[in-house]
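A short worksheet on the structure shown next.
Everything numeric in this text was worked out from a predicted model, so none of it was measured. We name chains A, B, ... by the order of the sequence lines, and we start the count at 1 in each one.
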2 protein chains.
Amino acid sequence: MGEQPSIELLPKQHQLLEQLVLAGQELSGQDLHARLRGTPLAMGLATVYRHLRQLQQQGLVRCRHLPSGEALFAPTERDEHHLTCVDCGRTQPLTACPIHDAHLSPEQIGGFQLLFHTLEFFGLCSDCQGRQDQD
Amino acid sequence: MGEQPSIELLPKQHQLLEQLVLAGQELSGQDLHARLRGTPLAMGLATVYRHLRQLQQQGLVRCRHLPSGEALFAPTERDEHHLTCVDCGRTQPLTACPIHDAHLSPEQIGGFQLLFHTLEFFGLCSDCQGRQDQD
DNA sequence: ATAAGAGTGAGTATCATTCTCATTCTGTCG
DNA sequence: CGACAGAATGAGAATGATACTCACTCTTAT
């Protein structure tokens, strides 16, 4: 983990990555598309998703899925993970990654070239714990 | 993590959980629905998803999303995580969870009641590494 | 037996993502 | 300079998983 771009990025891929870095928060494909609409950097939804997939395959971008099914993207350089409420879906970032480079033995890895990981915790936020008691 | 059912499970919830345990592997909502079709335990797709969500909210079931967007469910008692190829989507289980009960400080947890976590590693499997070289 | 409430499911709606394919761009070669 | 090949693009349609609706069917208690 921590590969530098070995291949040249296409201009639009660079734009997308830059948007993700500048945003300072995770964005969905739809978010990125909306954010760029009207600017000279605008691009179609198909292109957004196409390049996001390619960025992922180069290990530059990570994605995680909300319980809603929506996918959120972030640069892998930002090693941030989350705590998500299984009831209301609210998400809060963790301030530190509890595993950093987790200890995976070579036989566990079995030839894979590691690009990134996702680590997500799920539970009930304090509000929803209260609401469950009432139910 | 490791709550016992504090509330009585509905019969169909119990069936779903049992199917997941018996299957010994992760199943999607569609899988579960298909598996039960034709048996006396059959239930509609809506019911499958409804109960899977409730089982998740009780911390009995965990779900993770494949890059394809499909959600796979497993009992939380099975602490299994994966290595997934961002190219072909192939997944292989890890034989041990590298974090067990990760060290989360109380202020990081911020009132959440932890139910389960997902930890997924992504990379390129050996086949796809080869294929990229050719491209 | 009856009524209230929970549980159910067939069909429909939703919505993010992917696919299709015609068009545009870019660089190269004649 | 003009034409061509291949890559890149995007509008719109297709896909497919999941959520919603609402009428129906069970329970259970009285």
Side-chain angles (χ1 to χ4, degrees), chain A residues 7-17 19-20 26-58 61-74 84 86-89 91 122 132 134-135, chain B residues 7-17 19-20 26-58 61-74 84 86-89 91 122 132 134-135:
Chain A
I7 359 182
E8 205 57 30
L9 288 185
L10 293 174
K12 303 221 166 179
Q13 290 177 351
H14 192 76
Q15 290 165 16
L16 286 170
L17 186 51
Q19 282 298 311
L20 285 172
E26 301 168 290
L27 297 175
S28 67
Q30 305 282 346
D31 288 339
L32 280 164
H33 177 249
R35 228 167 222 257
L36 294 173
R37 188 165 35 207
T39 77
L41 308 177
M43 64 188 85
L45 258 177
T47 306
V48 170
Y49 284 112
R50 222 183 335 243
H51 287 319
L52 282 174
R53 195 166 353 116
Q54 288 165 5
L55 287 170
Q56 255 194 105
Q57 293 182 357
Q58 291 175 51
V61 156
R62 159 209 341 267
C63 104
R64 69 177 179 120
H65 286 82
L66 294 180
S68 70
E70 196 179 18
L72 295 180
F73 297 85
T84 300
V86 293
D87 193 347
C88 66
T91 263
F122 296 87
Q132 283 210 336
Q134 290 166 26
D135 290 345
Chain B
I7 359 180
E8 204 58 30
L9 288 186
L10 293 173
K12 302 222 167 178
Q13 290 178 351
H14 191 77
Q15 290 165 17
L16 287 171
L17 186 51
Q19 281 298 312
L20 286 173
E26 302 168 290
L27 297 175
S28 67
Q30 305 283 347
D31 287 341
L32 280 164
H33 177 249
R35 226 167 225 256
L36 295 172
R37 188 164 35 207
T39 77
L41 309 176
M43 66 189 83
L45 214 38
T47 305
V48 169
Y49 284 112
R50 215 179 348 239
H51 287 319
L52 282 174
R53 196 168 351 118
Q54 288 165 5
L55 287 170
Q56 255 193 106
Q57 292 181 0
Q58 293 175 50
V61 155
R62 160 209 340 267
C63 102
R64 70 177 177 117
H65 286 82
L66 294 180
S68 69
E70 196 180 18
L72 296 180
F73 297 85
T84 299
V86 293
D87 193 349
C88 66
T91 263
F122 297 87
Q132 282 209 336
Q134 289 166 24
D135 290 346

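Counting only heavy atoms from C-beta on, A:Gln30 has its side chain closest to C:dA16 among C:dG7, C:dA16, D:dT18. Comparing C:dG9, D:dT18, D:dT9 by their closest approach to the side chain of B:Met43 singles out C:dG9. In this structure, the nucleotide among C:dT17, C:dC19, D:dC20 sitting nearest to the side chain of A:Leu45 is C:dT17. Closest approach to the B:Lys12 side chain among C:dG9, C:dT17, D:dA19 is made by C:dG9 (side chain taken as heavy atoms from C-beta onward). Out of C:dG11, D:dA17, C:dT17, the shortest distance to the side chain of B:Glu70 is found at D:dA17. For A:Thr47, whose side chain is taken as the heavy atoms from C-beta onward, the closest listed nucleotide among D:dG10, D:dT18, C:dT17 is D:dG10. Nearest nucleotide to the side chain of B:Ala46, out of C:dT8, C:dG9, D:dG10: C:dG9.
For the pair A:Gln13 CD and D:dT9 P, the computed distance is 8 Å after rounding to whole Å. To the nearest angstrom, C1' of D:dA17 lies 14 Å from CG of B:Leu32. Here C:dG7 presents its P atom at 10 Å from CZ of B:Arg50, a figure rounded to the nearest Å. Taking atom OH of B:Tyr49 as the reference point, atom P of D:dT21 lies 18 Å away to the nearest angstrom. One interatomic measurement links the two molecules: CG of B:Asp31 to C1' of D:dA17, which rounds to 12 Å at whole-angstrom precision. Following rounding to the nearest Å, B:Arg64 (CZ) and D:dT18 (P) show an atom-to-atom distance of 13 Å. Atoms CG (A:Leu55) and C1' (D:dA8) sit 15 Å apart, rounded to a whole Å. In this structure, CG of A:Leu66 is placed 14 Å from P of D:dT18, rounded to the nearest angstrom.
Using modelled atom types, one finds a donor on one side chain and an acceptor on the other under 3.5 Å when comparing B:His51 with B:Gln54.
Scanning both residues, B:Leu9 and B:Gln13, for their nearest heavy atoms gives CD2-OE1, 3.5 Å. Nearest approach of B:Glu26 to B:Arg64, heavy atoms of both residues: OE2-NE, 2.6 Å.
Side-chain atoms of A:Gln57 come within 3.5 Å of backbone N or O of B:Val86 as a donor-acceptor pair.
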Step-by-step side-chain contact (heavy atoms from CB on, under 4.5 Å) determination, B:Val48 to B:Lys12: CA-CA 8 Å; B:Val48 169; B:Lys12 302 222 167 178; over 6 Å; no
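Contacts of A:His51 with the nucleic acid, taken as non-hydrogen atoms under 4.0 Å apart, involve only primed sugar atoms and P, OP1 or OP2.
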